[in-house]
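Convention: sequence-line order gives letters A, B, ...; per-chain numbering from 1.
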2 protein chains.
Amino acid sequence: MSSKVKKRTLINDIANHLEVSIATVSLVLNGKAKQSRISDAVAERVLKYVQEVGYKPNHLAKSLRTGKTHVIGLVVEDISNPFFATVAWLIEKQAFERGYRIIYCSTDNDPTKSKELISMFRERHVDGFIIVPSEGIEEEVSTILREQTPTVLFDRFLPKLPTNYIVVDGAQGTYTATQHLLEQGFRNIAFVTTDSTQTQMEARLNGYVRALEEQQLLPLVKRVAASKDSEHLIADIQDFIKDNRACDAIIFSTNYLSIYGLEAISRLQLRIPQDLAVISYDDHDLFRLYTPAITVIAQPVESIAKNVIDILLEQLQQPSDQAIANNHSIVLPTALIVRKSSIRQPEPVPATRKKAAK
Amino acid sequence: MSSKVKKRTLINDIANHLEVSIATVSLVLNGKAKQSRISDAVAERVLKYVQEVGYKPNHLAKSLRTGKTHVIGLVVEDISNPFFATVAWLIEKQAFERGYRIIYCSTDNDPTKSKELISMFRERHVDGFIIVPSEGIEEEVSTILREQTPTVLFDRFLPKLPTNYIVVDGAQGTYTATQHLLEQGFRNIAFVTTDSTQTQMEARLNGYVRALEEQQLLPLVKRVAASKDSEHLIADIQDFIKDNRACDAIIFSTNYLSIYGLEAISRLQLRIPQDLAVISYDDHDLFRLYTPAITVIAQPVESIAKNVIDILLEQLQQPSDQAIANNHSIVLPTALIVRKSSIRQPEPVPATRKKAAK
DNA sequence: ATGAAAGCGCTAACAT
DNA sequence: ATGTTAGCGCTTTCAT
């Protein structure tokens with residue numbers, strides 16, 4: 001008994017010390033002093049003493065009682081991908097300010113892992129979900145929807161399910177990028193993408209195809225397997241480029257494909273953009289810093305994050321009934337950021353007269 | 001009442017359905033059937049039914065009752081840095097297998113943020129801590145130590161505090177790297193590091209200085225501010241290289257400094273290693289893929305992760321009393337992985353007669 | 001071998 | 001205006 005380590009302060013201790021009831025303390029702490037007509041004097045004393053001893057309510061007990069954990073589960077494809085990392089970070093910051101905590105997990109786009117993570121989060125009683133859905137998880141998402149857990153998808157959505165989602169107009173992005181290359185005079189434009197058939201990847205492909213078809217040009221699409229082995233991916237892209245020497249420009253459908261692509265191009269000792277113009281979907285530090293800087297189809301990360309968290313918090317705040325019918329489906333525009341990698345070089349290049357492009 | 005959404009299954013429902021007591025169910029579920037001499041028949045029925053309805057105990061209630069959350073708080077400097085990301089991922093995997101969950105946070109090396117995160121984790125009742133300590137958080141770490149919460153530091157430690165820690169022999173790493181450059185015939189070797197005075201950064205610097213002093217050579221150290229502005233860092237390094245044209249080799253003390261350094265070198269149109277040899281502390285995908293591949297002082301990430309989690313789980317499993325005196329302090333060796341960037345090029349280069357380095 | 005019941009710390013409806 | 005008290009879902013001691 002006396003060997004016990006110093007215990008945490010409890011709401012009981014507060015009440016005892018102040019000689020008020022524990023309910024009074026609880027009410028004051030939860031900002032319900034006014035509506036319970038607790039005297040300002042008492043409320044102040046409570047607040048002061050709580051502050052003094054640094055009392056923190058036990059979250060577990062609170063959550064058990066209220067059924068709310070104030071935790072949001074964030075399920076992304078790969079938290080080490082700068083796109084997801086940035087969005088996650090922005091979401092976390094905003095959620096934090098409004099009293100919510102985020103717990104993340106990466107699915108690696110694996111449906112099994114996605115399902116496990118969703119059910120893990122359910123077990124942990126998250127109040128809401130933010131999900132970048134991999135394919136084949138309709139059932140799990142249905143379940144959380146049925147349980148009325150507020151949920152927002154982003155980056156892609158599940159066409160069969162009525163959910164909130166925030167996506168980007170990838171088709172418009174690649175369409176504009178392709179047009180830009182055409183305007184620059186490139187004619188043999190290839191598109192390197194993954195073998196995924198998810199909504200966002202298909203959209204990116206379609207935008208490219210449409211732009212070419214409008215000019216009666218034939219698409220040239222390379223699909224690489226979504227492998228983890230970087231050497232293999234690089235070699236694959238390298239072979240593709242070698243086999244298509246006529247190709248004078250490439251659009252990569254994701255940031256990591258571009259990185260492998262740049263490596264492949266460098267190994268082939270091709271010059272960008274003289275031998276091959278390059279555009280990447282999704283911006284990245286490296287693309288700004290690369291020599292030459294790489295033109296990108298940038299996604300509006302701040303806006304994505306803001307929309308996601310705003311919609312989720314709105315639903316979280318609701319009195320927990322209907323909210324079903326009115327799902328938000330938001331499609332945000334991309335922005336083409338033109339850098340050196342997609343600008344046609346005039347044949348004779350006076351190296352000293354380089355235009356200073358900030 | 002009848003308008004209620006379908007409720008989750010509770011332990012009560014199980015007990016009712018099976019017409020046994022709730023205690024029996026609980027005991028069976030916690031593997032204490034044998035020691036409570038519950039009949040195998042009953043135990044089996046319970047397990048079978050639980051399986052059937054997919055009953056999952058409520059973690060919150062369980063934790064509130066037992067005082068254990070089976071959650072470990074992981075506080076790193078920057079989860080988007082591949083070194084920390086990899087270690088975190090390995091730790092998470094092993095912890096998961098043994099029934100623990102990890103929640104992460106990045107401190108950005110900011111003491112205030114570190115303190116907030118630690119206290120947030122305390123509030124969330126994590127069972128243990130894994131911390132990459134920023135400077136000035138001795139007090140908070142003391143607190144969790146006093147509360148007997150199992151804790152392991154890694155990457156660096158707090159010299160004033162008796163804790164478990166796993167670090168790497170950075171001094172040996174940079175010493176060996178410097179020697180390697182000297183053996184290759186480089187004489188003007190610079191060291192680019194941050195302005196941090198943390199244990200691991202000082203060690204890296206010291207190894208470099210010692211190797212040079214043994215040869216009566218003068219160190220050339222550039223300290224860049226730990227800023228977040230990449231352009232600024234690149235320009236800073238660029239200026240440093242320009243101002244020290246005699247310098248023929250550089251060791252960078254962290255992976256991100258190397259990345260900025262490579263960009264600086266590329267902008268100066270210097271060739272690696274002909275004009276400037278390069279070694280980075282810490283390996284990275286990019287360094288393997290870069291042309292030329294970059295020599296690195298690699299940290300044993302698997303071993304770090306394994307040691308961290310083993311020690312923490314050992315302490316977590318202990319009967320929660322002493323365990324104080326016997327702290328583990330483990331220092332792991334680094335490995336120099338020699339690639340092209342630090343190999344002196346013979347003036348006329350017979351490219352085919354390259355020595356196979358490992 | 002099994003069941004009853006006392007909490008873990010907190011909230012909120014209901015009394016006073 | 002403030003106090004009493006019944007749970008939230010689970011574990012575990014003690015009786016039987």
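A heavy atom lying under 4.0 Å from DNA chain D marks the following residues of residues 53-60 of chain B, by number: B/Y55, B/P57, B/N58. Of the residues in residues 30-51 of chain B, those lying under 4.0 Å from DNA chain D by heavy-atom distance are B/N30, B/K32.
No side-chain heavy atom of B/H328 sits under 4.5 Å from any side-chain heavy atom of B/V152. Residues A/K306 and A/I91 have side chains not in contact (no heavy-atom distance under 4.5 Å, counting atoms from C-beta outward). By the 4.5 Å heavy-atom criterion applied to side chains, B/T149 and B/H125 are not counted as neighbours. Using a 4.5 Å cut-off on side-chain heavy atoms (C-beta onward), B/L74 and B/F129 make no contact. A/C105 places none of its side-chain heavy atoms less than 4.5 Å from the side chain of A/V75.
Relative to the ring axis of B/F96, B/R101 places its NZ or CZ within 45° and under 6.0 Å from the centre.
A straight line from CG of A/L10 to P of C/dG7 spans 15 Å, rounded to a whole angstrom. Remark: P of D/dT11 and CG of B/N12 are 12 Å apart, rounded to the nearest angstrom. For the pair B/I22 CD1 and C/dG7 P, the computed distance is 16 Å after rounding to whole Å. Protein atom CG of A/L29 is 9 Å distant from nucleotide atom P of C/dC10, rounded to whole Å. Counting to the nearest Å, the C1' atom of C/dC14 and the CG atom of A/L27 are 12 Å from each other. For B/K68 and D/dT12, the NZ to C1' distance is 16 Å, given to the nearest whole Å. One can place CD1 of A/I11 at 14 Å from P of C/dC8, the figure rounded to the nearest angstrom. Here the C1' atom of nucleotide C/dG3 and the CG atom of B/N16 are 13 Å apart, to the nearest Å.
Listed pair B/S26 / D/dT12 fails the phosphate criterion, with no side-chain N or O lying under 4.0 Å from OP1 or OP2. Under 4.0 angstrom from either OP1 or OP2 of D/dT11 there lies no side-chain N or O belonging to B/T66. Taking 4.0 angstrom as the limit, A/K62 places a side-chain polar atom (N or O) nearer than this to OP1 or OP2 of C/dT11.
Sequence neighbours left out, the pairs with a member in residues 135-145 of chain A that pass side-chain hydrogen bond (donor to acceptor under 3.5 Å, both in side chains) are A/E135-A/T197.
Remark: A/K56 pairs with no residue by the side-chain hydrogen bond (donor to acceptor under 3.5 Å, both in side chains) rule, at least two apart or across chains.
Ring geometry for B/F157 against B/Y165 counts as parallel: the plane angle stays under 30°, on a 0 to 90° scale with 60° as the upper cut. Between B/H17 and B/Y49, the ring planes are parallel. Angles under 30° get that label, and only those over 60° would be called perpendicular.
Each of A/I311, A/V167, A/I130 was evaluated against A/F154; a single residue qualifies, A/I130, per the side chain to side chain contact (heavy atoms under 4.5 Å, CB included) test. Partner A/I14 forms a side chain to side chain contact (heavy atoms under 4.5 Å, CB included) with one of A/N16, A/L18, A/L10 and no other, that one being A/L18. When the options A/N12, A/L47, A/V42, A/V46 are evaluated for a side chain to side chain contact (heavy atoms under 4.5 Å, CB included) with A/V25, the one that passes is A/V46.
In the helix from C/dA1-D/dT16 to C/dT16-D/dA1, the end axes, each obtained as the rotation axis mapping the C1' atoms of four pairs onto the next four within a five-pair block, lie 50° apart to the nearest 10 degrees.
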Dump the pairs, protein N or O against N or O of nucleotides 14-16 of chain D, anything under 3.5 Å, distances to one decimal.
none

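Side-chain atoms of A/R65 stay outside donor-acceptor range of the base of C/dG9, with no qualifying N/O pair under 3.5 Å.
If B/L64 and B/V20 are placed on DNA chain C by their nearest nucleotide, the residue sitting closer to the 5' end is B/V20.
Considering all non-hydrogen atoms of both residues, A/D127 and A/P150 come closest at O-CD, 3.4 Å.
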